[in-house]
Amino acid sequence: MAQRIVIENCAIATVDADDTEYASGYVVVADNRIESLGAGKAPEDLRDVVRRIDASGHLVTPGLVNTHHHFYQWLTRGLATDHNLFNWLVALYPTWARIDEQMTYAAAQGSLAMLARGGVTTAMDHHYVFPKDSGDLSGAIIRAARETGVRFTLARGSMDRSEKDGGLPPDFAVETLEGALAATEATVDEHHDDSFDAMTQVAVAPCSPFSVSTELMKQGAELARRKGVRLHTHGSETVEEEQFCKELFGLGPTDYFESTGWLGEDVWMAHCVHMSDSDIAAFARTKTGVAHCPSSNARLAAGIARVPDMLAAGVPVGLGVDGTASNESGELHTELRNALLINRLGAHREAALNAREALRLGTYGGAQVLGRAREIGSLEPGKLADLVLWNLDTLAHASIADPVAALVFGAAAPVTASFVGGRQIAENGRLLHVDEDTIARSTRSEARRLAQIAAQA
């Protein structure tokens, strides 16, 4: 028999196709699925109820979905704070090139803890730095995600264009074409789960046009489609990148991606800040997704992505934290607010995004981008029970009548409870399955060790 959790007396934003909301309603979770939800009280004849939660003063939403991140950067926060993207990369690659398995595990723990305590139920990590003899970095990241309890996509990245080939990373921090493809395929074979309730999935993710060869892009796409997994990379992040692509390939980024097989409904790109009308049309035509990272784009002075135009054209768009060396907070729930505010500085001004559109970016939009909209991203019967209870009965929020506006426009709301597949992973802002204080000490120690090794190199 199914074991049921009943959540009652809460405002609910389902983020379904009709944006259904309830001012006061209930959600019934049966094992790992949402069984029912609606207005008013839960049905009285429910059996095998193991827990009832009085969620008065709370808003229940789908769990947040993070669509772009670099966990290893947790160890290099607060550095190169006044740099644009290329100068920032040049400043930090010599340090990043010294990471090892122990550092990567600690950094993943820190990144995941910050995400999970702030309402993220599905995380992803684009990890592309694999120094020689650094250990099992992919395994370390996946282990950290499993321990934290979040659903997870590892975008197994790669680089084969180093300084000697005109790229940015040091020569010893990149892989060969053959080595990158073989290691990526092995990671897919060992860790990817394509089941409905999968906790771990793997994507093929060469880093960016300026750090990988055209052959790695092409063969990476072929590998992903042969294995039936998704593809991820950085795209159109800065003006300098566009110039780089035109000089090196004779094409702008979007045309280059199309020439290498990198547009399609199984692809999502990070950033996409500098997109022309024809670029957006190409993404819409092919259903290529976008991970919008507003805080990181502001931190690196990259610009404002044309998110309203992308959404109007039908491009799938989710939110991303990006690496914490360019978004030191490491939180996704603050990106709801930043996405709304920053996009209102663009051409559409106050009509750019509203609170509900921002919430959709962070939930259903993210599920679309990760290829998991059937399973997560909205609160609907039959979907996985990935959901968050936000406490809006606080000094920071209590005088805002609209709970969705309170969540998006207001201060970062406290998380009273967060569930992944019906299993609670956070309570009253603290994680239940890992110790945050231990993680804080570990990340501080590993950050210092990395800095010492880099200084001696």
Side-chain angles (χ1 to χ4, degrees), residues 1-16 20-22 24-65 112-113 115-123 142-153 193-201 363-364 367 370 372-391 414-436:
M1 297 292 291
Q3 292 193 326
R4 292 180 172 84
I5 299 172
V6 179
I7 305 167
E8 295 183 288
N9 305 319
C10 49
I12 301 171
T14 68
V15 200
D16 64 10
T20 305
E21 296 181 14
Y22 303 103
S24 180
Y26 69 90
V27 180
V28 178
V29 173
D31 293 334
N32 70 342
R33 306 287 181 97
I34 297 168
E35 184 175 65
S36 63
L37 72 165
K41 294 287 187 179
E44 295 184 0
D45 58 350
L46 292 171
R47 303 183 61 181
D48 301 303
V49 175
V50 296
R51 186 179 178 192
R52 287 185 178 272
I53 300 173
D54 180 359
S56 302
H58 287 73
L59 171 67
V60 176
T61 72
L64 301 184
V65 180
L112 286 157
L115 293 170
R117 72 200 297 271
V120 168
T121 56
T122 297
I142 290 169
R143 176 160 54 98
R146 186 179 302 119
E147 292 167 352
T148 307
V150 298
R151 216 171 292 285
F152 182 60
T153 295
D193 179 359
D194 61 4
S195 62
F196 185 88
D197 58 353
M199 292 297 291
T200 305
Q201 296 197 331
T363 53
Y364 187 81
L370 295 185
R372 304 205 66 175
R374 288 189 315 117
E375 305 105 279
I376 60 172
S378 59
L379 302 179
E380 301 179 68
K383 282 197 164 185
L384 294 168
D386 293 11
L387 52 89
V388 180
L389 281 67
W390 306 94
N391 185 1
V415 172
T416 294
S418 184
F419 294 85
V420 177
R423 178 183 185 235
Q424 190 170 350
I425 65 166
E427 183 169 18
N428 295 324
R430 298 287 292 185
L431 300 175
L432 295 178
H433 306 297
V434 293
D435 185 83
E436 296 175 33

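- In this structure, the side chain of Glu436 does not engage the main chain of Ala113 through any donor-acceptor pair within 3.5 Å.
- Here the CG atom belonging to Asp197 is positioned 11.0 Å from the CG atom belonging to Asp31, to the nearest 0.5 angstrom.
- Test Ile34, Thr61, Val15 against Leu379 for side-chain contact (heavy atoms from CB on, under 4.5 Å) and you get one pass: Ile34.
- For the residue pair Trp390 and Gly119, the shortest heavy atom distance occurs at CH2-CA, 4.0 Å.
- Looking at heavy atoms from C-beta onward, Leu37 lies in side-chain contact with Ile12 at the 4.5 angstrom threshold.
- Residue Arg151 holds its CZ atom at 6.5 Å from CD1 of Ile376, rounded to the nearest 0.5 Å.
- Residues Ser378 and Lys383 approach most closely at OG-NZ, 2.6 Å, considering heavy atoms.
- Here the SG-CG distance, from Cys10 to Leu387, works out to 9.0 Å after rounding to the nearest 0.5 Å.
- Summarising the geometry of Ser418 relative to Thr121, their closest heavy-atom pair is OG-CG2, 3.5 Å, with the distance given to 0.1 Å.
- In this structure, Glu8 contributes its side chain and Ala42 its backbone to a donor-acceptor pair below 3.5 Å.
- The closest donor-acceptor contact from the side chain of Arg117 to the backbone of Ala426 lies at 3.5 Å or more, if one exists at all.
- A side-chain contact (heavy atoms from CB on, under 4.5 Å) with Phe419 is found for one member of Leu389, Val60, Val388, Leu384 and no other, namely Leu389.
- The shortest non-hydrogen separation linking Tyr26 to Gly40 is CD2-O, 3.4 Å.
- The closest side-chain heavy-atom distance from His58 to Ile7 is not below 4.5 Å.
- When atom types are taken as modelled, the side chain of Asn391 and the backbone of Val415 share no donor-acceptor pair closer than 3.5 angstrom.
- Here the closest non-hydrogen pair linking Ala385 and Val29 is CB-CG1, 3.6 Å.
- Here CG of Asn32 is found 10.0 Å from CE of Met199. Values are rounded to the nearest 0.5 Å.
- The shortest distance between side-chain heavy atoms of Lys41 and Asn9 falls below 4.5 Å.
- Each of Thr122, Thr363, Asp16 was evaluated against Pro62; a single residue qualifies, Thr363, per the side-chain contact (heavy atoms from CB on, under 4.5 Å) test.
- The CZ atom of Phe196 sits 8.5 Å away from atom CZ of Arg372, with the distance rounded to the nearest 0.5 Å.
- When atom types are taken as modelled, the side chain of Thr14 and the backbone of Thr20 share a donor-acceptor pair closer than 3.5 angstrom.
- Between Gln424 atom CD and Thr416 atom OG1 the span is 9.5 Å, to the nearest 0.5 Å.
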Full working for side-chain contact (heavy atoms from CB on, under 4.5 Å) between Glu35 and Leu46: CA-CA 11 Å; Glu35 184 175 65; Leu46 292 171; 4.2 Å; yes
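- The shortest non-hydrogen separation linking Pro381 to Ser36 is CG-CA, 4.4 Å.
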